[in-house]
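Following: one structure in C-alpha cells, then a few remarks.
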Number of protein chains: 2
Amino acid sequence: MTAISGDDAASHASGLVSSAIVAITRHIRANELNPGDRLPSEAVLSRELSVSRTVVREAFRSLAAVRLIDLSAGKRATVAQLDDRAMSLMIEHGVDTAQISINQVYDARRTIEMRTAALAALRRTDAEVRLILGHAHAMVDNFSDADSVMESDLAFHLEIARASRNPIFSILIGAFQGIARQTWPIGWRSRSSDAERQAMNRIHVELAEAISAGDPQAASQLMARHFDESAKALLAAGIA
Amino acid sequence: MTAISGDDAASHASGLVSSAIVAITRHIRANELNPGDRLPSEAVLSRELSVSRTVVREAFRSLAAVRLIDLSAGKRATVAQLDDRAMSLMIEHGVDTAQISINQVYDARRTIEMRTAALAALRRTDAEVRLILGHAHAMVDNFSDADSVMESDLAFHLEIARASRNPIFSILIGAFQGIARQTWPIGWRSRSSDAERQAMNRIHVELAEAISAGDPQAASQLMARHFDESAKALLAAGIA
DNA sequence: TCTGTAAAACCTGTATGACTAGTTTCGCAA
DNA sequence: TTGCGAAACTAGTCATACAGGTTTTACAGA
C-alpha cells in the first residue's frame with residue numbers, strides 16, 4: 001500500500017479540501033482499488049495529509065456525493081460501485097433551474113435508447129428477455145392503473161439498458177427516470193382514448209419481441225417510433 | 001422567500017447530512033432559484049434545520065461536489081451552472097476501477113456524437129461553423145505536433161456538441177474528454193503512417209463541411225465512420 | 001442630495017477537543 | 001478450535017475559536 005503524498009501537484013482548485021480530494025482519488029488510482037476496497041481512516045488521512053479531520057471529512061463527503069466512495073457510521077469508507085444517484089441529482093437540478101428542457105431530456109433519451117434497444121437485441125440473455133417481455137405485458141394487462149403502467153414502463157426501459165451491457169447507458173437511463181416520473185403522467189393523460197393508450201403499450205410489446213428475436217434494426221426503429229409518439233403526446237399537452 | 005422546513009419527509013437516506021441535503025435542494029426548488037442566486041448562510045441554515053454548522057457544511061460540500069452549488073470563501077453559496085466536472089470524475093472513476101471499459105466509453109461517445117453531428121448540421125450558427133472548421137483545419141496544419149492535434153480534436157468534438165444546443169450532450173462529451181486524453185495518443189501511434197494520420201484529419205474536415213452545409217445525414221454518417229476507424233486503430237493497439 | 005470610503009458586520013475555511021454510537025479486532029475461555 | 005466479550009478503532013455530530021475573505025452600513029465630504 002503506497003503512502004498518500006500530501007503535496008498538491010495536480011488540480012488548480014484551491015483549498016485544503018480540494019487538495020484532499022485529489023490526494024484521495026490519487027490513492028484509489030495508485031493502489032488500484034476496486035469497488036468494496038477500504039480507504040484509510042479519517043484519522044490516518046488527516047495525519048498523512050497534515051490537515052484537520054474536518055478537511056478530510058469534507059473531502060470524503062464530496063467523494064461520496066459523486067459516488068466514488070461509500071460512507072457509513074463506524075465503518076471505514078469504501079470504494080463505491082457506480083450508480084445513477086449523483087447523475088440523477090444533476091439532471092433534476094438542471095431541469096429545476098431551467099438549464100435543461102424536457103425536450104432536451106427526451107432527445108437525449110431517444111438518442112441513447114435507440115442504441116440500447118439495438119444492443120439489447122444483440123446481447124440480451126434469455127432471462128433478460130423474459131424480464132423485458134414481462135414488463136411490456138404488465139403494461140397491457142394493468143392499463144387501467146396508470147401508476148402501475150408507469151412503473152412497468154420505467155422498468156422496461158431500464159432493463160433494456162441493462163441488457164445493452166454498457167453501464168454508461170444504464171446510469172444515464174436511470175438518471176433520466178426522475179424526470180420521466182414527473183412528465184409521464186402528462187403524456188398518459190394527453191392520450192385521450194383507451195385505444196391510444198393501448199396502442200402505446202403495444203409498441204412496447206413489439207419492441208420487446210424485436211429484442212427477443214435479436215433484430216437490432218427493428219428494435220432501434222421501434223424505439224425511435226415510441227419516442228416520436230411520446231414527443232407528440234407531450235407536445236399536444238403543451239410541453240416545450 | 002419560503003422558510004426551510006426541518007422535517008425529513010422525503011429520502012430514506014439516514015443521517016443529518018442527508019436530511020440537510022434534501023432540505024437545501026427543496027429550498028432551491030421551492031424558491032425557484034436560478035444559477036447565480038444566493039442560498040442562506042451556513043449559520044442561518046444551521047439554525048433553521050436545528051443542526052450544527054458542521055452538518056450544514058458537509059451538506060454544502062456534497063452539493064458542491066455534484067455541482068448544484070458553488071462555494072467560495074467569504075461569499076454565500078450560490079446555485080451553480082451545470083458543467084461536466086462531476087460527471088468527469090464519475091466516468092474516470094468508473095474506468096479506473098474497471099467498472100467501465102474503454103470500448104464502452106467509445107460506444108457511448110459514438111452514439112451521442114452521431115446525434116450531435118446531425119443536430120449541429122441543423123442548428124449551428126455561422127460563428128460555430130467557423131470554430132468547427134477552424135479546429136478541423138488546425139488538425140491538418142499542425143499534424144506533426146501530436147499534442148496540438150489532440151487538443152484541436154477534442155475542441156472540435158466539444159464545439160459540435162455545443163452547436164447541437166443540448167446541454168446534456170455538451171456535458172457528456174465534456175465528461176468523456178478526460179478518458180479521451182488518455183487513449184488518444186494510443187490511437188495516434190497505432191496509425192503508423194503519416195498518410196493514415198492525415199486521412200483521419202481529413203475526415204474531420206469533411207465532417208465540418210457537412211455541418212457547414214447543413215447536411216445532418218452526411219454529418220452523422222461521417223461521425224460514425226470516424227468512430228469506427230478510431231475503434232479499429234485502438235483494436236490494433238490491443239485495447240479491449 | 002449624492003457619492004465615495006472606511007469601519008463594522010457578516011461569512012466561509014480550517015483547527016481542536018469532546019462525546020456518542022457503530023464496527024472490527026483480538027485474546028481468552030470453553 | 002471455536003465462540004464470545006472486551007478493547008480498540010472509526011465515523012457522526014456538536015461547540016468553540018479564529019483567520020481571512022466579502023458585503024453592508026454609516027458617515028464624511030462634495
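Just so it is clear: chains get the letters A, B, ... in the order the sequence lines come, proteins before strands, and each one is counted from 1.
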Worksheet item: To the nearest Å, how far apart are Leu45(B) CG and dT12(C) C1'?
Response: 13 Å
Worksheet item: Below 4.0 angstrom, N of the basic side chain to O of the carboxylate: do Arg165(B) and Glu128(B) qualify?
Response: yes
Worksheet item: Is there side-chain contact between Phe176(A) and Ile112(A), with heavy atoms separated by less than 4.5 Å?
Response: yes
Practice prompt. State plainly whether the residues Arg181(A) and Glu151(A) are in salt-bridge range, i.e. N to O under 4.0 Å.
Written response: yes
Worksheet item: Which residues satisfy the side chain to side chain contact (heavy atoms under 4.5 Å, CB included) test with Gln99(A), sequence neighbours excluded?
Response: His93(A), Thr97(A), Pro35(B), Gln81(B), Leu82(B)
Discussion item. Quick check: do Pro40(B) and His27(B) have side-chain heavy atoms less than 4.5 Å from each other?
Written reply: yes
Worksheet entry | Integer-rounded Å distance: dG12(D) P and Lys75(A) NZ | 11 Å
N/O donor to acceptor pairs below 3.5 angstrom from side-chain atoms of residues 59-74 of chain A, sequence neighbours left out:
unit_1: Arg61(A); atom_1: NE; unit_2: Glu58(B); atom_2: OE1; d: 2.8
unit_1: Ser62(A); atom_1: OG; unit_2: Glu58(A); atom_2: O; d: 3.0
unit_1: Arg67(A); atom_1: NE; unit_2: Asp83(A); atom_2: OD1; d: 3.3
unit_1: Arg67(A); atom_1: NE; unit_2: Asp83(A); atom_2: OD2; d: 3.1
unit_1: Arg67(A); atom_1: NH1; unit_2: Asp70(A); atom_2: OD1; d: 3.3
unit_1: Arg67(A); atom_1: NH2; unit_2: Asp70(A); atom_2: OD1; d: 3.0
unit_1: Arg67(A); atom_1: NH2; unit_2: Asp83(A); atom_2: OD2; d: 3.3

Discussion item. Is any side-chain heavy atom of Asp37(A) closer than 4.5 Å to one of Asn34(A)?
Written reply: yes
So which protein N/O to nucleotides 6-10 of chain C N/O distances come out below 3.5 Å?
none

Worksheet item: Which value, rounded to the nearest 0.5 Å, describes the distance between Arg26(B) atom CZ and Asp96(A) atom CG?
Response: 13.0 Å
Worksheet item: dT10(D) P sits how many Å from Glu42(A) CD, rounded?
Response: 10 Å
Item to complete: Rounded to the nearest angstrom, tell me the gap between atom CG in Leu71(B) and atom C1' in dC11(C).
Response: 12 Å
Worksheet item: Taking the side chain as C-beta and beyond, is there a heavy-atom pair between Glu113(A) and Ile160(A) under 4.5 Å?
Response: no
Worksheet item: What parts of residues 57-70 of chain A reach DNA chain D, counting only heavy atoms under 4.0 Å away?
Response: Arg57(A), Arg61(A)
Worksheet item: Any side-chain heavy atom of Trp188(A) sitting closer than 4.5 Å to one from Thr183(A)?
Response: no
Distances for protein N/O vs nucleotides 14-16 of chain D N/O pairs under 3.5 angstrom?
unit_1: dC14(D); atom_1: OP2; unit_2: Ser52(B); atom_2: N; d: 2.8
unit_1: dC14(D); atom_1: OP2; unit_2: Ser52(B); atom_2: OG; d: 2.7

Discussion item. If you define the side chain from C-beta out and look only at heavy atoms, does anything of Ile186(B) sit under 4.5 Å from Leu234(B)?
Written reply: yes
Item to complete: To the nearest 10°, let me know how far the axis at one end of the helix from dT1(C)-dA30(D) to dA30(C)-dT1(D) is tilted from the axis at the other, five pairs an end.
Response: 10°
Practice prompt. May I ask you to decide if the ring planes of His226(A) and His157(A) are parallel, tilted or perpendicular, using 30° and 60° as cut-offs?
Written response: parallel
Worksheet entry | pair Arg115(B)-Asn166(B): side-chain heavy atoms closer than 4.5 Å | no
